[in-house]
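The structure under discussion appears below in the form of structure tokens.
To find a chain, count down the sequence lines: A is the first, B the second, and so on, and within it residues start at 1.
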Amino acid sequence: MEMEKLVSLCKRRGFLFQSSEIYGGLNGFWDYGPLGVELKRNIKEAWWRDMVSGHNELVLAEEAPSLFHMVGLDSSIIMHPQVWKCSGHYDLFHDFMVDCKESKKRYRHDQIRGRWVTSRGAEIFVATQVGGEEGDKETEQRALKYFNLRSKQAEELAWNGPLVSLTTVADFSKVLAPEAKTLGTLTAPREFNLMFKTIVGALGGEEDAAFLRPETAQGIFVNFKNVVDSSRVKIPFGIAQVGKSFRNEITPRNFTFRSREFEQMEIEFFCHPADSPKWYQYWRDRRFRWYLQLGLASSRLRLRDHDKDELSHYSCGTADIEYAFPFLPPGEFGELEGIAHRGDFDLRSHMEGKLVRQGEQLVVESDEHGKPRHRGSGKDLKYFNDQTRERFIPHVIEPSAGADRGTLAFLCEAYQEEQVEGETRLVMKFHPRIAPVKAAIFPLVNRDGMPEKAQALYGELKKEFAVFFDDGGAIGRRYRRQDEIGTPVGITIDGQTLQDSTVTWRDRDTLQQKRLPISQVKEELRAFLAPAQS
RNA sequence: GCGGGUGUAGCUCAGUGGUAGAGCGCCACGUUGCCAACGUGGCUGUCGUGGGUUCGAGCCCCAUCACCCGCUCCA
């Protein structure tokens with residue numbers, strides 16, 4: 001499937017529009033049209049029902065290690081700036097980057113190292129991305145090449161010190177960039193703000209700077225104690241949240257896949273450290289099944305465990321649920337959801353201050369005065385189990401899903417072109433639960449009382465379902481119009497309806513028709529749209 | 001951020017300096033008894049945006065924005 005066809009359909013039928021389109025658009029922002037908003041809402045509501053409101057804490061869920069609670073939360077988008085300092089986003093999201101004008105490569109300023117060397121009367125800084133002995137070797141080879149020396153002439157290079165960071169270099173005109181052949185090809189370091197900055201207060205200045213959240217998770221962590229104290233939940237339990245997040249992506253691309261404003265569906269699941277591996281496994285498998293049940297094909301969906309060296313510094317296990325989007329090269333997958341075992345990193349950070357890894361331990365990062373680099377709240381976020389009299393910091397399992405990425409995956413998956421009697425039928429094969437319109441109601445022709453009967457049925461169904469009424473044009477055309485927006489059922493009032501009160505039920509995917517009493521339509525639709533068990 | 005391509009009606013696209021077009025879609029009326037029927041009529045454009053050259057610009061030049069492809073980046 002070509003992506004342009006889907007993008008065109010999305011615009012033509014009102015799933016997705018470019019943001020601010022009449023003003024030329026805005027890179028990285030998208031609007032959901034009348035059908036798109038229904039689709040995305042259905043996905044978010046399916047998630048909320050399946051994960052939160054539909055969860056029965058009295059019954060052991062399939063494959064769950066034990067009973068557990070689930071509750072929801074809706075926290076603010078703008079939070080105290082200290083939240084992002086302790087979470088690590090503030091430091092990680094403020095990168096200084098340098099560009100190489102020769103190689104067109106971009107580097108993180110603090111990740112380039114190099115050595116000062118003098119030869120043939122010139123002193124230059126030979127830069128590399130490699131550290132340690134490898135870095136020494138590489139800088140020597142590149143210095144030899146630059147000065148046109150043979151390997152045996154290495155003693156003509158006078159090294160003026162060990163590998164040091166590029167951040168110690170003020171004058172870039174003597175820097176030989178990692179993949180350049182000439183000096184001074186690096187631009188001055190430029191700051192990349194990956195978090196959206198804003199000002200709180202009408203008279204606010206720079207000291208009133210705050211950030212739009214880059215993830216919803218932190219709103220859950222900072223409310224952990226509030227939820228425990230107010231809701232009678234006991235560990236293990238999860239807090240779920242759906243909401244907008246914002247990141248200044250350097251290169252927004254691939255339709256809505258990498259947007260600067262996007263919506264997340266996140267769960268932070270709190271459990272006893274000893275049980276956390278089992279819970280990690282549980283969420284990892286359950287979340288994968290959820291996508292399968294809503295209709296993503298197993299051939300394009302995969303569950304991928306991160307390698308050890310891919311794990312964040314705090315994580316003891318992460319898996320991605322990935323989809324083979326059509327805009328990616330064959331064999332490549334894009335992330336829909338990450339399930340991470342985050343240990344006690346987040347709660348501890350908000351207690352003690354921003355943490356860094358020191359060997360096997362996480363310790364509070366300190367500044368040059370030996371004080372915490374980013375001070376925590378100082379509040380005790382431990383959990384007390386009054387049965388066992390145990391007090392501990394819970395471990396956290398985080399299934400973090402992208403609502404827009406999920407929506408895009410369902411759109412890609414649904415798009416089908418079929419040959420029907422020599423003509424191309426464009427059909428969106430959405431799972432009935434997420435289809436924007438559940439059923440279309442048609443009078444076969446506009447006479448003999450058929451419109452009246454159809455309108456009455458429409459009015460009755462509309463109270464409970466998203467249904468659509470269409471009496472325009474030939475019946476075949478009306479079916480095809482609904483196929484294009486993925487309506488799973490067409491219900492037609494015809495001549496026979498007037499005699500025996502039965503209607504035609506037409507299935508989108510099989511094109512098969514069956515008759516059923518008009519009085520049973522509601523019940524049939526209910527059964528058709530019922531969630532699968534998970 | 002770099003290089004290449006594209007931008008004209010709701011969609012797909014034609015239009016190489018001289019009166020803005022086609023197909024599809026959409027709307028109305030008639031017709032129409034189950035898979036994009038037919039007839040008649042109708043709506044639709046700051047030619048992405050801003051500036052320049054020219055008697056005259058959709059077309060040439062400059063800038064800018066957006067989208068696509070390839071690099072780069074992706075906590």
Side-chain angles (χ1 to χ4, degrees), chain A residues 2-5 7-14 17-30 33 84 87-95 97-108 111 179 187 190 192-195 214-215 217 245 247-255 257-260 310-315 327-329 334-335 338 340 400 418 420-427 442-448 450 471-484 490-498 503-508 510-515:
Chain A
E2 301 101 87
M3 208 54 202
E4 298 92 68
K5 287 187 174 178
V7 175
S8 165
L9 173 79
C10 282
K11 172 157 195 212
R12 184 157 46 84
R13 299 310 304 265
F17 307 123
Q18 203 182 353
S19 165
S20 319
E21 193 190 349
I22 61 168
Y23 287 106
L26 189 61
N27 196 335
F29 298 90
W30 299 89
W84 308 111
S87 72
H89 290 87
Y90 182 84
D91 292 336
L92 283 166
F93 273 42
H94 282 77
D95 294 336
M97 310 288 285
V98 294
D99 290 304
C100 176
K101 285 176 274 193
E102 181 185 319
S103 67
K104 307 297 182 196
K105 302 272 183 187
R106 172 176 292 161
Y107 309 97
R108 268 191 37 196
Q111 281 183 351
E179 284 157 88
T187 63
R190 282 176 292 188
F192 277 64
N193 287 296
L194 268 41
M195 279 199 292
E215 63 171 33
S245 295
R247 299 180 192 182
N248 258 320
E249 299 289 352
I250 294 171
T251 313
R253 205 167 278 198
N254 290 331
F255 207 15
F257 185 77
R258 180 166 289 132
S259 300
R260 287 176 162 152
E310 203 180 343
L311 295 177
S312 311
H313 56 292
Y314 48 77
S315 180
F327 50 76
L328 296 172
E335 182 183 344
S400 169
E418 295 178 352
V420 177
E421 291 171 16
E423 284 191 317
T424 302
R425 182 173 83 118
L426 184 50
V427 53
F442 309 123
L444 183 60
V445 286
N446 288 313
R447 57 160 204 253
D448 300 338
M450 291 180 211
D471 60 2
I475 189 71
R477 172 181 300 267
R478 284 180 270 163
Y479 283 143
R480 295 297 172 87
R481 274 200 286 243
Q482 293 304 311
D483 290 342
E484 227 180 49
I491 293 165
T492 303
I493 306 301
D494 54 21
Q496 197 178 329
T497 311
L498 307 173
V503 296
T504 301
W505 172 290
R506 180 261 197 185
D507 183 276
R508 175 196 67 199
T510 64
L511 300 180
Q512 296 300 302
Q513 299 188 354
K514 65 179 180 185
R515 293 202 76 84

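Considering every non-hydrogen atom in both A:Ser259 and A:Trp30, the closest pair reads OG-CD1, 3.4 Å.
If you take CG on A:Leu426 and CZ on A:Arg12, they are separated by 6.5 Å, rounding to the nearest 0.5 Å.
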Look for any protein N or O under 3.5 Å of an N or O in nucleotides 30-35 of chain B and output each such pair with its distance, or none.
unit_1, atom_1, unit_2, atom_2, d
B:G33, N7, A:Arg447, NH2, 3.0
B:G33, O6, A:Asp448, OD2, 3.3
B:G33, N2, A:Gly495, N, 2.4
B:C34, O2, A:Tyr479, OH, 2.8
B:C34, O2, A:Gln513, OE1, 3.4
B:C34, O2, A:Gln513, NE2, 2.5
B:C34, N4, A:Asp494, OD2, 2.3
B:C34, N4, A:Thr504, OG1, 2.9
B:C35, O2', A:Arg480, NH2, 2.9
B:C35, O2, A:Arg506, NH2, 3.0
B:C35, N3, A:Arg506, NE, 2.9
B:C35, N3, A:Arg506, NH2, 3.0
B:C35, N4, A:Arg506, NE, 3.1
B:C35, N4, A:Leu511, O, 3.0
B:C35, N4, A:Gln513, NE2, 3.4

Can you name the atoms? Protein N/O to nucleotides 45-50 of chain B N/O, anything below 3.5 Å, with the distance.
none

Just the atom pairs and distances: protein N or O near nucleotides 11-13 of chain B's N or O, under 3.5 Å.
unit_1, atom_1, unit_2, atom_2, d
B:C11, OP1, A:Lys11, NZ, 2.4
B:C11, O3', A:Ser8, OG, 3.2
B:C11, O2', A:Ser8, OG, 3.3

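Taking atom CZ of A:Arg253 as the reference point, atom C1' of B:G4 lies 11 Å away to the nearest angstrom. Remark: P of B:C68 and CD of A:Gln18 are 9 Å apart, rounded to the nearest angstrom. The CZ atom of A:Phe257 sits 17 Å away from the C1' atom of B:C69 (whole-angstrom rounding). If you take CZ of A:Phe327 and P of B:C69, they are 9 Å apart, rounded to a whole angstrom. The nearest whole Å value for the distance from the CZ atom in A:Phe17 to the P atom in B:C67 is 16 Å.
Without hydrogens or angle criteria, A:Arg260 side chain to A:Asn27 main chain gives a donor-acceptor distance under 3.5 Å. Side-chain N or O atoms of A:Arg478 include one that pairs as donor or acceptor with a backbone N or O of A:Gly473 at under 3.5 Å. A distance-only check finds a donor-acceptor pair linking the side chain of A:Asp494 to the backbone of A:Gln496 [under 3.5 Å]. Although no hydrogens or angles enter the test, the distance criterion places no donor-acceptor pair under 3.5 Å between the side chain of A:Asp448 and the main chain of A:Gly495.
One C1' atom belongs to B:U54, the other to B:C71, and the distance between them is 40 Å to the nearest Å. With both ends at atom P, the span from B:C34 to B:G70 equals 48 Å, rounded to whole Å. Look at the P atom in both B:U6 and B:C43: the space between them is 34 Å, to the nearest Å. Comparing the P positions of B:U53 and B:C11 gives an interatomic distance of 33 Å, to the nearest angstrom. Here the separation of B:C68 from B:C61, taken at their C1' atoms, is 25 Å to the nearest Å. Spacing between B:A22 and B:A14 at atom C1', rounded to whole Å, works out to 7 Å. To the nearest whole angstrom, the two C1' atoms, one in B:G15 and one in B:C59, are 9 Å apart. Rounded to a whole angstrom, the distance from the C1' atom of B:C2 to that of B:U12 is 31 Å.
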| message | side-chain contact (heavy atoms from CB on, under 4.5 Å) for A:Trp505 and A:Gln513? Distances and angles first, verdict last. | response | CA-CA 5 Å; A:Trp505 172 290; A:Gln513 299 188 354; over 6 Å; no

| What do the steps show when you test A:Gln482 against A:Arg506 for side-chain contact (heavy atoms from CB on, under 4.5 Å), and what is the final call? | CA-CA 11 Å; A:Gln482 293 304 311; A:Arg506 180 261 197 185; 5.7 Å; no

| task | May I have the step-by-step check of side-chain contact (heavy atoms from CB on, under 4.5 Å) for A:Glu484 and A:Leu9, ending in yes or no? | result | CA-CA 8 Å; A:Glu484 227 180 49; A:Leu9 173 79; 3.8 Å; yes

| Checking side-chain contact (heavy atoms from CB on, under 4.5 Å) for the pair A:Glu418/A:Asp483: CA distance, chi angles, key distance, verdict? | CA-CA 11 Å; A:Glu418 295 178 352; A:Asp483 290 342; over 6 Å; no

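Phosphate proximity of B:C26 to A:Arg481: present, with a side-chain N or O under 4.0 Å from OP1 or OP2. Contact annotation: A:Asn254 side-chain N/O to B:C69 OP1/OP2 distance is under 4.0 Å.
When the nearest nucleotides of RNA chain B are assigned to A:Gly28 and A:Leu194 by heavy-atom distance, the more 5′-ward of the two goes with A:Gly28.
In this structure B:U12 sits in a base pair with B:A22, meeting the Watson-Crick or G-U test at under 3.5 Å. With a cut-off of 3.5 Å on both pairing distances, B:C73 has no Watson-Crick or G-U wobble partner at all. Across the strands present, B:A63 finds its partner in B:U49; the criterion is a Watson-Crick or G-U wobble pair with both atom distances under 3.5 angstrom. Nucleotide B:C35 forms a pair with no other nucleotide shown, judged by Watson-Crick or G-U wobble geometry with both contacts under 3.5 Å. Across all strands shown, the partner of B:G41 is B:C27, judged by Watson-Crick or G-U wobble contacts whose two distances both fall under 3.5 Å.
Inter-residue side-chain proximity for A:Tyr479 and A:Thr492 is flagged as met; some heavy-atom pair is nearer than 4.5 Å. Contact annotation: the side chain of A:Arg515 approaches that of A:Thr497 to within less than 4.5 Å [non-hydrogen atoms, C-beta and beyond].
Aromatic rings of A:Phe255 and A:Phe327 (six-membered ring for Trp) have centroids beyond the 6.0 Å cut-off, not under it.
Heavy atoms of A:Phe255 sit under 4.0 angstrom from primed sugar atoms or phosphate atoms, though from no base atom.
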